[in-house]
There are 2 protein chains.
Amino acid sequence: MPKSPATTARSKRAGSQLTPDAIIEASLRIAARGSEDAFTVRRLGEELGADPTAIYRHFRDKDELLLSVADRTLGEVLDSIPEGLDWKGRIRALAAGSLEVALRYPVVGSTMASRTTRRPNEFRVVELIIGAVMEAGLQGAEAAVHYRMVGESLLAFVGQRAAHLLFDADIRAADESAWSREYRLVDAQAFPNITHLSTELAEVTDEQIFQVRVEALISAIEKRVETLRGA
Amino acid sequence: MPKSPATTARSKRAGSQLTPDAIIEASLRIAARGSEDAFTVRRLGEELGADPTAIYRHFRDKDELLLSVADRTLGEVLDSIPEGLDWKGRIRALAAGSLEVALRYPVVGSTMASRTTRRPNEFRVVELIIGAVMEAGLQGAEAAVHYRMVGESLLAFVGQRAAHLLFDADIRAADESAWSREYRLVDAQAFPNITHLSTELAEVTDEQIFQVRVEALISAIEKRVETLRGA
DNA sequence: ACCTGAACACCGTTCAAGT
DNA sequence: ACCTGAACACCGTTCAAGT
């Protein structure tokens, strides 16, 4: 069989075909496997067909790689937002897109929940949110703090969901069944409210909670605008 | 010098003085050191004056230990809430207390942000929040989903702040300075909103954001009550 | 200039052996 | 019944050596 370089591009001895982009794309492939495949430097080396430590020629450390990967996924979120929406629609679309991407790449969503990438696509997200809160009627310091509220809340929401996806199946099952097990068995005298709502508590879905949390952000902005207009 | 057993209670050869409570208290001492001292099984062994693996006689694994430690800290939060507050006051006090405790034991606050302890003090917190949203005027499924919104949002807020405290000093500094560095230097044409608000963005404090996020939860509940009354 | 691979300094957890 | 300590199967990262 003759050599066919095109189909052996990732063979171990192909020279210096390692680029930041190739490393980011390999990272996304691993991240997409969720809890089935740990996102480690050694696993990344396998995926690239290179020595695990080769990535240190292109990224200072794993943290810097993750920030770059996260910024790439923010690009996917931005591309999913349609044109022409009003401020509420843009925040809802940003929330839905962020959730979808965080659940697709849980290790990225989880790790980045309390970070700032300081990279181009994050700038675009910030620009979008500030535009929305200003269109809603906030300005100056009020717009700034409400932007931060929205931005960090969205990161927190999707980060929580993503982190949960990364737990071992047994831990996840134990947490998920709490509302239909432990919380149904609490002492009725000591915990009357829980007892009274036990059925409804077990029926709440993650999707309902997410929607209510996003609407809470919007309500809070509207209420703040009304309060400031009234004063 | 004569033996004085009372003062050598934690000596290496004192027999079986290891109890779940002693392990939880040692865990809290390590957790209180924040990013200066990693919360590892080996470090816990040192703190207890025992072999690192001794804790596996009392807890199935590190996760179960952390759940127990977390429930202990929830007790501290509950003890900090005064009697006689109305529903808004109780949510504000719960938020403030949770933040304080999460910043005191960051590794606990960070790890538990997407978990359910399913332990006694968590039941008390759930009872408190459900009582608050019902006093606000919500019932049944509406009360259930709004309880979940409040509970998970508070966990997310304090978890984000706690996680940030655990990063290495240089990573934390880079994230904190983003608003006064990278975000001040963005292209004014491409990012007019960021440019317009750059001063205000750099001046927002974590405390302001936290307060706005807590008030947003309260606003959202009030708005939902109004909407349901109107319908 | 970039990649390799041995090595270092860590992790959580298991299990046979001690007392 | 509980604790010990060696051992296992991992981590991220460094650095001298290769090409």
Side-chain angles (χ1 to χ4, degrees), chain A residues 8-24 26-27 30-31 33 35-70 107-108 110-112 115 166-171, chain B residues 8-24 26-27 30-31 33 35-70 107-108 110-112 115 166-171:
Chain A
T8 59
R10 282 205 272 118
S11 76
K12 195 132 188 173
R13 283 273 151 203
S16 71
Q17 84 280 15
L18 227 51
T19 62
D21 264 7
I23 296 172
I24 289 172
S27 300
I30 298 172
R33 292 181 207 133
S35 61
E36 286 167 32
D37 208 347
F39 183 69
T40 67
V41 172
R42 280 168 177 82
R43 189 72 195 79
L44 187 51
E46 271 183 62
E47 183 73 26
L48 287 162
D51 189 90
T53 65
I55 66 153
Y56 289 94
R57 298 299 120 208
H58 300 91
F59 295 94
R60 189 160 48 84
D61 52 25
K62 197 187 175 187
D63 185 70
E64 210 200 85
L65 168 59
L66 261 170
L67 289 174
S68 297
V69 172
V107 71
V108 182
S110 169
T111 315
M112 293 299 118
R115 298 301 305 282
L166 289 178
F167 288 123
D168 287 343
D170 53 341
I171 288 182
Chain B
T8 59
R10 283 204 272 118
S11 77
K12 195 134 188 171
R13 280 275 152 201
S16 71
Q17 83 281 15
L18 228 50
T19 63
D21 264 7
I23 296 172
I24 289 171
S27 300
I30 298 172
R33 293 182 206 132
S35 60
E36 286 167 32
D37 208 348
F39 183 68
T40 67
V41 173
R42 281 168 176 82
R43 189 72 195 77
L44 187 52
E46 270 183 63
E47 183 73 26
L48 288 161
D51 189 272
T53 65
I55 66 153
Y56 289 94
R57 298 299 119 207
H58 300 91
F59 295 94
R60 190 161 48 86
D61 52 24
K62 196 188 176 186
D63 185 69
E64 209 200 86
L65 167 60
L66 261 170
L67 289 174
S68 297
V69 172
V107 72
V108 182
S110 168
T111 315
M112 293 300 119
R115 298 300 305 282
L166 289 178
F167 287 124
D168 287 343
D170 53 341
I171 288 182

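Below, read A as the first sequence line, B as the second, and so on, with proteins coming before strands; counting in each chain starts at 1. On a predicted model such as this, the values are computed, not experimentally measured, just so you know.
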CD1 on I23(A) to CG on L18(A), rounded to 0.5 Å | 4.5 Å

Interatomic spacing from CD1 in I30(B) to CG in L48(B) - rounded to 0.5 Å = 7.0 Å

For T111(A), enumerate each residue passing the side-chain contact (heavy atoms from CB on, under 4.5 Å) test, keeping only those at least two apart in sequence or located in another chain.
-> L66(A), V107(A)

Sequence neighbours left out, what passes side chain to side chain donor-acceptor pair (under 3.5 Å) with T53(A)? Give chain and number order.
-> D51(A)

Salt bridge (charged side-chain N to carboxylate O under 4.0 Å, His left out) with [X]: which residues, sequence neighbours excluded?
{"X": "R42(B)", "value": "none"}
{"X": "D21(A)", "value": "R72(A)"}
{"X": "R33(A)", "value": "D37(A), E47(A)"}

Residue T53(A), side-chain heavy atoms: nucleotide from dC2(D), dG5(C), dC3(C) that is nearest = dG5(C)

For DNA chain D, write out the stems as range with range, using runs of 3 or more consecutive Watson-Crick or G-U pairs with both distances under 3.5 Å.
-> C:4-8 with D:12-16, C:12-16 with D:4-8

Less than 4.5 Å apart, any side-chain heavy atom of S27(A) and any of F39(A)?
-> yes

Starting at CG of D51(A) and ending at P of dG18(D), how long is that distance when rounded to a whole Å?
-> 15 Å

Could you write out each protein N or O paired with an N or O of nucleotides 9-12 of chain D at a distance under 3.5 Å?
{"unit_1": "dC11(D)", "atom_1": "N4", "unit_2": "R42(A)", "atom_2": "NH2", "d": "3.3"}
{"unit_1": "dG12(D)", "atom_1": "OP1", "unit_2": "K62(A)", "atom_2": "NZ", "d": "2.6"}
{"unit_1": "dG12(D)", "atom_1": "OP2", "unit_2": "V41(A)", "atom_2": "N", "d": "3.0"}
{"unit_1": "dG12(D)", "atom_1": "N7", "unit_2": "R42(A)", "atom_2": "NH1", "d": "2.7"}
{"unit_1": "dG12(D)", "atom_1": "O6", "unit_2": "R42(A)", "atom_2": "NH2", "d": "2.9"}

